Structures are given as C-alpha cells and as structure tokens.
Amino acid sequence: MRVTHATVVDGDVCTVRIAGDVDMSEVEGVEAWLRAAVDTSGCGVVLVDLSDTRFLDSMGIAGLVRAQDYARRRGVLLRCVNVQPWVLRVFQVAGVADHLDIA
C-alpha cells in the first residue's frame with residue numbers, strides 16, 4: 001500500500017499522520033515529509049502519528065531515526081505517537097526503541 005500523509009499544525013505542535021506501508025520504496029518520501037514539517041511548520045514539536053501505519057521495515061525504521069536526528073540538530077522534538085504494539089515490538093527488536101522518542 002502506498003504511503004500517504006496528512007499534516008496538521010496546532011499551536012507549537014505539528015502532527016504528521018503516516019498511513020500505509022513504510023518500506024524502502026516509500027522511506028524517502030516519508031523522510032521528506034518529516035523534514036518539511038521540521039523546517040517549515042515553525043513548531044517546536046513534530047508528532048509522527050503511526051496509528052495508520054500498516055507495515056514498517058528496516059528501511060522505514062532507519063528513516064524515522066534519520067528524521068529524528070535531523071529534528072534534534074534543529075532543536076525540534078520529533079516524537080512517534082499512536083504506536084501500535086507490533087510497531088513498538090519492531091522498534092524493540094531493531095534496538096531503536098530507546099533512541100526514538102515514543103509516546
């Protein structure tokens with residue numbers, strides 16, 4: 001399933017809702033959306049809503065880690081929210097659960 005996104009800004013919080021399969025064919029687009037949210041929203045917090053994420057492979061995980069590092073370098077908090085249990089387990093198995101900011 002192709003990945004889509006929706007971005008909503010509410011005060012100092014920008015939420016980017018990612019829907020679909022985040023894999024190696026889609027990760028560049030996801031990273032671009034998250035970098036754009038960091039760079040253009042003017043928000044101090046970017047929430048990555050994963051409630052509609054159906055699949056996430058190692059490339060998708062790497063993309064989220066790169067996006068979070070990008071945000072940190074610019075003084076923006078990037079946090080994954082509405083993380084489904086299976087996605088959290090993937091983060092744990094991959095060893096990135098402690099690196100990613102997950103709420």
Side-chain angles (χ1 to χ4, degrees):
M1 177 181 185
R2 185 152 176 84
V3 174
T4 60
H5 79 292
T7 302
V8 176
V9 175
D10 184 13
D12 193 41
V13 178
C14 176
T15 302
V16 182
R17 188 172 189 167
I18 306 295
D21 300 341
V22 182
D23 59 19
M24 68 181 211
S25 67
E26 299 287 344
V27 71
E28 286 183 25
V30 171
E31 280 188 73
W33 298 330
L34 297 177
R35 284 191 310 268
V38 168
D39 291 339
T40 64
S41 70
C43 296
V45 178
V46 173
L47 302 179
V48 183
D49 184 342
L50 299 175
S51 59
D52 290 330
T53 300
R54 297 178 9 157
F55 178 81
L56 184 73
D57 69 4
S58 61
M59 294 298 291
I61 293 168
L64 289 174
V65 169
R66 285 190 299 268
Q68 186 173 53
D69 290 343
Y70 182 87
R72 281 184 181 151
R73 288 191 305 271
R74 283 153 182 76
V76 174
L77 172 66
L78 188 138
R79 175 175 287 158
C80 296
V81 297
N82 299 321
V83 178
Q84 299 173 37
W86 71 266
V87 173
L88 180 58
R89 182 68 182 136
V90 169
F91 288 160
Q92 291 167 337
V93 169
V96 298
D98 292 335
H99 179 76
L100 290 171
D101 190 335
I102 303 169

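Everything numeric in this text was worked out from a predicted model, so none of it was measured.
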*Measure the spacing between SG of Cys14 and CG of Leu78 and express it to the nearest 0.5 Å.*
9.5 Å
*Within 45 degrees of the axis of the six-membered ring of Tyr70 and under 6.0 Å from its centre: does Arg74 put its NZ or CZ there?*
yes
*Do Val30 and Val76 belong to the same hydrophobic cluster, where Ile, Leu, Val, Met, Phe, Trp and Tyr are linked whenever their side-chain heavy atoms lie under 4.5 Å apart, directly or via other members?*
yes
*Can Val3 be reached from Val65 by stepping across I, L, V, M, F, W or Y side chains whose heavy atoms are under 4.5 Å apart?*
yes
_I'd like to know whether CZ of Arg73 has more than 12 heavy-atom contacts from other residues, nucleotides or ligands below 6.0 angstrom._
yes
*Roughly how far, to the nearest 0.5 Å, is the OG1 atom of Thr4 from the CD1 atom of Ile18?*
8.0 Å
*asked:* Exactly one of Val87, Ile102, Leu88 should register a side-chain contact (heavy atoms from CB on, under 4.5 Å) with Leu50. Which one does?
replied: Val87
_Distance, nearest 0.5 Å, that separates OG of Ser41 from CG of Asp10_ = 12.0 Å
*Return the minimal non-hydrogen interatomic distance between Gln68 and His99, and the atom names on each side.*
OE1-O, 2.9 Å
*Do any N or O atoms from the side chain of Asp21 and from the backbone of Asp23 form a donor-acceptor pair under 3.5 angstrom?*
no
*Common cluster, Leu64/Trp86, ILVMFWY with side-chain heavy-atom separation under 4.5 Å*: yes
*Please report the closest heavy-atom contact between Val27 and Gly63, naming both atoms and the distance.*
CG2-CA, 3.7 Å
*Going from CG on Leu34 to CG on Leu47, what distance comes out if it is rounded to the nearest 0.5 angstrom?*
11.0 Å
*Do the side chains of Val90 and Val48 join up, straight or via other hydrophobic residues, at under 4.5 Å, putting them in one cluster?*
yes
*Look up atom CZ in Arg66 and atom CD in Glu28, then write down how far apart they are to the nearest 0.5 Å.*
8.5 Å
*asked:* Strictly distance-based, threshold 3.5 Å: is any side-chain N or O of Gln84 a donor or acceptor partner for the main-chain N or O of Thr53?
replied: yes
_Atom of Gly42, atom of Asp12 and distance for their closest heavy-atom approach_ = O-OD1, 3.8 Å
*CE/Met24 to CG/Asp57 distance, rounded to the nearest 0.5 angstrom?*
8.0 Å
